[in-house]
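Lettering of chains follows the sequences in order, A, B, ..., and the numbering in each one begins at 1. Bear in mind that the values here come from a model prediction, so they are computed numbers and not experimental data.
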Amino acid sequence: MQDLRRRLSDTVGEAFARAGLAAELGRVTSSDRPDLADFQCNGALAAAKAEKANPRALAERVVAELAGSPDLARVEIAGPGFINLTLTDAALAARAAEIAADPRFGAERVAVPRRVIVDYGGPNVAKPMHVGHLRASIIGESIKRLFRFRGDEVYGDAHFGDWGFQMGLLIVAVAEEQPELAFFQAGEGPFPAESPVSLADLERLYPAAAARAKSEPEFRDLARRATAELQAGRAGYRALWRHFVEVSRSALIREFTALDVNFDLWKGESDADPLIAEMVQTLEDKGLLVLDQGARIIRVARDDDKRDLPPLLVVSSEGSAMYGTTDLATILDRRRTLDPQLMLYVVDQRQADHFVQVFRAAYLAGFASEGELEHIGFGTMNGVDGKPFKTREGGVLKLHDLISMATEKARERLTEAGLGAELTAEAFEATAHKVAVAALKFADLGAYRGTSYIFDLDRFMSFEGKTGPYLLYQAVRIKSLLRKAAEAGAAAGAIRVTEPAERELALTLDAFEGALAEAYAKRAPNLIAEHAYRLAQAFAKFYAACPILSATEPERVASRLGFVQTTLGQLECALGLLGIATPERM
RNA sequence: GCGCCCGUAGCUCAGCAGGAUAGAGCACCAGAUUCCUAAUCUGGGGGCCGUGGGUUCGAAUCCCGCCGGGCGCACCA
């Protein structure tokens, strides 16, 4: 069940072929001039360039071949040779009816599903999530949902940062504060089952230790040795480390759940550790490892590189694994377990070079084929001053505090609207939370992921304009209308298209598939956000222009209720792909 | 220094497989409600698309230079 754009592309493509031109030129797009037509084809212009012919004359030939197409009310040539296509109301109504009957609201599936791992979120042991994690979580979650909806078999992996130097830092920090702990004794244990540290301890110890490591080489070396010993399997360190991981993970899951971000896999960097020794041997056997300044590296530069790409560091001069090492071993691990056809890394754009290094190393080692690994980079979130987001005191804002701020603002707005009186305290709180999450997510996903954006809570939380709350409002208004319809015993029926607002709504509903297809191809959720907003707007127009329950004829009520129901379904579907849930009232 | 990204309306951002009059939201101005959530809708003003060249019948979009901003450049992730 294709969308109108695809069907028209086929029709017009055939007309191009019959006119002796390339069928690919028949590509149809939605009209740039909705006042003139529904769709357009610019193929005659491209054909004219190739054939050195008059574009209007070529367009005439194509249009002649289109004569008699039953769905087209008008076919016109405009300007230098645009072919403008206008559908009949009946064809539009038929398509709307298809969408209404479709549990996928007009969206298609990929022809050949792939197994895909989306690696996102990037939480770390001992580090509370901060605003920097917001984008990775929001964008990754949306891409995961989009790929899954398109029909791929998708696994979201949190890829927990639970290995490497920061663990050594924590171990020496705890050892310094509580040297009497059993964990620091040699031997195989047993070791205490209770964690000697709380989340607050970890959050206090880690930044202090990280800062000290920068200024005190002795301390840094101590931590490096601890890291190496942990990775070598020292039992006490392992036992202590497991406590760090558990304390951190349970806190992180709470944070992610608040954002409606859910992972299928909580694999950590440590899971790749058992593979490292073997992997290093394999890399050695393949002749990829080179000893350089005491470290073992893989050279990944290529002749046609425009700059000097540093090698991938596989084993540090201390003998420990680096994040590139675990990333590489993780690819090997995934190859052996899930064997995905695609791995998407939703990570800050600033790590682009790192991923180029890791991916090339993986290709060289034969752990993946060219094109199976993809870095989905994103820009930073900046403050209203245009600089990376900071708290008023200049520190990094915790994600938890950010969500609290947004929720508080949502409560204020809802109270202003008098919603507090209508809902139970519990329902009010749930709604406020939904509004807050919608505001944050829509603001983030509304902009193209690659560019940085300015975080302005007041703007995001506005109930007017291109915001999450506006979209929720439209959905809520529809739900309210449908409740009234149910009370009145009115039901949706055959869809008819008569009013201009109905035409526009039908065309917008049809555009869902195109938006999703492009969002999928470009890994760009902002296109879904854009569609959701257009749909909400088209509905608002329809709602203002067309009486629904109070329409005079029962057929019209039924038809319009069909539009209403379908709009709600597609809107909630689109918002769902953005990770946004709608409340019942607001 | 080398490389990557960005520069579009007062502000925040789309558009960039070249194509008609460059769009949206906010802000500003003017309207609309006996009726389904007006937290809405309608209309209006506002732009040498950073800049200078080039390719093309046609450039915000492609190529080159320059200016301005952000970021990255192995033993932290």
Side-chain angles (χ1 to χ4, degrees), chain A residues 27 31-33 35-36 40 42 45-46 48-49 55 78-82 84 122 124 127 161 163-166 169 210 213-214 220 223-224 269 292-297 305-320 322-324 326-327 347-354 357 377 379-380 382 384 386-388 413-414 416-417 419 443 446-448 450-454 456 459-460 462-467 469-470 472-474 476-485 488 526-527 529-530 533-534 537 540-541 543-551 560 564 585-586:
Chain A
R27 195 173 69 96
S31 180
D32 292 334
R33 295 286 304 271
D35 51 319
L36 300 180
Q40 66 181 348
N42 299 348
L45 294 162
K49 185 159 199 159
F82 302 105
N84 282 337
N124 287 297
K127 296 190 206 171
W163 211 229
F165 184 61
Q166 82 240 29
L169 277 174
K214 276 189 184 153
R220 184 195 63 203
R224 275 205 206 150
E269 293 171 346
D292 191 292
Q293 295 170 44
R296 301 218 272 172
I297 61 169
D305 283 346
K306 288 184 190 165
R307 66 191 187 299
D308 290 334
L309 190 69
L312 182 76
L313 195 61
V314 179
V315 184
S316 81
S317 48
E318 271 314 307
S320 56
M322 309 301 294
Y323 78 133
T326 46
D327 279 353
V347 182
D348 193 318
Q349 191 62 52
R350 287 176 294 195
Q351 295 202 38
D353 286 354
H354 167 71
Q357 292 171 314
T380 52
N382 297 333
V384 281
K387 293 177 183 155
R413 295 280 154 86
L414 293 174
E416 283 168 26
L419 195 73
Y448 177 69
T451 53
S452 298
Y453 74 105
I454 291 183
D456 181 349
R459 191 158 53 79
F460 299 169
S462 169
F463 284 43
E464 291 163 22
K466 208 167 179 177
T467 66
Y470 168 84
L472 294 192
Y473 169 71
Q474 295 300 345
V476 161
R477 206 156 65 142
I478 297 177
K479 289 184 184 186
S480 168
L481 178 59
L482 288 173
R483 278 193 299 268
K484 287 221 159 62
N526 63 303
L527 297 169
E530 184 66 33
Y533 181 70
R534 282 193 192 151
Q537 258 190 335
K541 234 175 248 190
Y543 183 87
C546 303
I548 297 156
L549 298 176
S550 52
R560 289 183 177 165
V564 170
R585 288 170 223 273
M586 65 185 275

B/rG18 -> Watson-Crick or G-U wobble partner, both distances under 3.5 Å, gives none
Answer with yes or no after comparing the ring centroid distance for A/Tyr470 and A/Tyr533 against a 6.0 Å cut-off, counting only values under it.
yes
From OH of A/Tyr323 across to P of B/rA74 the rounded distance in Å is 10 Å
| said: Taking 4.0 Å as the cut-off, does a side-chain nitrogen or oxygen of A/Arg459 come that near to OP1 or OP2 on B/rA27? | reply: no
To the nearest angstrom, the CD-C1' distance between A/Glu269 and B/rC76 comes to 11 Å
Between CG of A/Leu482 and C1' of B/rU37 the distance, given in whole Å, is 13 Å
| request: Using the C1' atom on both, measure B/rG25 against B/rC41 and round to a whole Å. | output: 15 Å
Looking only at B/rU40, B/rC75, B/rG25, the nucleotide nearest the A/Tyr533 side chain is B/rG25
Between A/Arg220 (side chain only) and A/Lys214 (backbone N and O only), is there a donor and an acceptor less than 3.5 Å apart? no
| query | Would you say A/Gln349's side chain and A/Thr451's backbone share a donor-acceptor pair under 3.5 angstrom? | reply | no
What one should report as the nearest heavy-atom pair of A/Pro547 and A/Arg560 is O-NH1, 2.7 Å
| Presence of A/Arg296 side-chain N/O under 4.0 Å of B/rC75 phosphate oxygens OP1/OP2 | no
Of A/Ala417 and A/Gln293, the one whose nearest nucleotide on RNA chain B sits closer to the 5' end is A/Ala417
By side-chain contact (heavy atoms from CB on, under 4.5 Å), A/Ser317 pairs with (sequence neighbours left out) none
- Task: Could you check whether A/Leu312 gets within reach of a base, just the sugar-phosphate, or nothing at all, counting any heavy atom under 4.0 Å?
- Result: nothing
Using atom P in both nucleotides, what's the gap between B/rC71 and B/rG58 to the nearest angstrom? 40 Å
Mate of B/rG46 across any strand shown (Watson-Crick or G-U wobble, both atom pairs under 3.5 Å) is none
Closest to the side chain of A/Ser550, out of B/rC35, B/rA24, B/rC73, is B/rC35
Of the listed B/rG72, B/rA14, B/rU37, the closest approach to the A/Asp353 side chain comes from B/rG72
By the Watson-Crick or G-U definition, both distances under 3.5 Å, B/rG65 is matched with B/rU51
Applying the 3.5 Å cut-off to both distances, the Watson-Crick or G-U partner of B/rC35 turns out to be none
* To do: For A/Thr467 and A/Ser462, test the side chains for any donor-to-acceptor distance below 3.5 angstrom and give the result as yes or no.
  => no
Roughly how many Å apart are B/rA32 and B/rC13, using the P atom of each and rounding to a whole number? 35 Å
The Watson-Crick or G-U wobble partner of B/rU12, with both key distances under 3.5 Å, is B/rA24
Against the side chain of A/Val476, the closest entry in B/rU37, B/rA39, B/rC41 is B/rU37
* To do: Determine whether any donor atom in the side chain of A/Asp292 lies under 3.5 Å from an acceptor atom in the base of B/rA74, or the reverse, and answer yes or no.
  => yes
Exercise for review: State plainly whether the residues A/Lys466 and A/Glu530 are in salt-bridge range, i.e. N to O under 4.0 Å.
Suggested key: yes
- Item | Sugar-phosphate only, base, or nothing, as touched by A/Glu416 at under 4.0 Å among non-hydrogen atoms | nothing
Here the distance between atom C1' of B/rA17 and atom CZ of A/Arg27, to the nearest Å, is 7 Å
What contact category does A/Asp348 fall into here, base, sugar-phosphate, or nothing, at under 4.0 angstrom with non-hydrogen atoms? nothing
Checklist entry - On a whole-Å scale, what distance lies between the P atoms belonging to B/rG52 and B/rU8? => result 16 Å
task: Could you give the distance separating B/rC11 and B/rC16 at their C1' atoms, to the nearest angstrom?
output: 23 Å
**Asked** Given the P atoms of B/rG19 and B/rG15, what is the spacing between them in whole Å?
**Response** 13 Å
Categorize A/Phe165 for me: base, sugar-phosphate, or nothing, with a 4.0 angstrom heavy-atom threshold over every strand shown. sugar-phosphate
pair_partner(B/rC4), Watson-Crick or wobble, both distances < 3.5 Å, evaluates to B/rG70
Scanning both residues in full, the closest heavy-atom pair of A/Leu549 with A/Lys484 reads CD1-CB, 3.8 Å
With respect to the phosphate group of B/rG15, does any side-chain polar atom (N or O) of A/Tyr448 fall under 4.0 Å of OP1 or OP2? no
Just call it for A/Tyr453: base, sugar-phosphate, or nothing, with non-hydrogen atoms closer than 4.0 Å on any strand. sugar-phosphate
Picking from B/rG25, B/rA39, B/rA38, the nucleotide nearest the side-chain atoms of A/Met586 would be B/rA39
- prompt: Strictly by modelled atom types, are A/Arg477 and A/Gln474 linked by a side-chain donor-acceptor pair under 3.5 Å?
  reply: yes
By the Watson-Crick or G-U definition, both distances under 3.5 Å, B/rA60 is matched with none
Sugar-phosphate only, base, or nothing, as touched by A/Arg224 at under 4.0 Å among non-hydrogen atoms:
sugar-phosphate
Comparing nearest nucleotides in RNA chain B, the 5'-proximal residue of the pair A/Ala78, A/Arg220 is A/Ala78
For A/Pro469, which contact category applies under a 4.0 Å heavy-atom criterion: base, sugar-phosphate, or nothing? nothing
Considering every strand and a 4.0 Å limit on heavy-atom distances, what is the contact class for A/Gly465: base, sugar-phosphate, or nothing? sugar-phosphate
Letter by letter from the 5' end, nucleotides 4-9 of chain B scores (B base, S sugar-phosphate only, - none; protein heavy atoms under 4.0 Å) S-----
| request: Mind checking A/Asp327 for me? I need base, sugar-phosphate or nothing, with any heavy atom below 4.0 Å counting as a touch. | output: nothing
Given the structure, check if the side chain of A/Lys49 and the base of B/rG19 hold any donor-acceptor pair shorter than 3.5 Å.
no
A/Glu464 has its side chain closest, among B/rC73, B/rU37, B/rA27, to B/rA27
Discussion item. In whole Å, measure the gap between the P atoms of B/rA24 and B/rC63 for me.
Written reply: 28 Å
Of B/rA77, B/rA14, B/rA27, the nucleotide closest to the side chain of A/Met322 is B/rA77
query: Closer than 4.0 Å, any side-chain N/O of A/Lys214 to the OP1 or OP2 of B/rC76?
result: no
message: Quick check on B/rC41: is either OP1 or OP2 less than 4.0 Å from any side-chain nitrogen or oxygen of A/Tyr470?
response: yes
Checklist line | Side-chain-base donor-acceptor pair under 3.5 Å for A/Ser480 and B/rC36 | finding: no
**Asked** Looking only at atom P, what distance separates B/rG10 and B/rG50, rounded to whole Å?
**Response** 13 Å
When rounded to whole Å, the CG to C1' distance for the pair A/Leu313 and B/rA74 reads 5 Å
Can a donor-acceptor pair under 3.5 Å be found between the side-chain atoms of A/Gln40 and the base atoms of B/rA20?
-> yes
Closest to the side chain of A/Asn526, out of B/rG15, B/rA39, B/rA38, is B/rG15
Of B/rC13, B/rC36, B/rC41, the nucleotide closest to the side chain of A/Ile454 is B/rC13
Here the distance between atom P of B/rA24 and atom CG of A/Leu527, to the nearest Å, is 18 Å
Atom CD of A/Gln351 and atom P of B/rG72 are separated, to the nearest Å, by 10 Å
Separation of B/rU42 atom P from A/Gln537 atom CD, nearest Å, is 7 Å
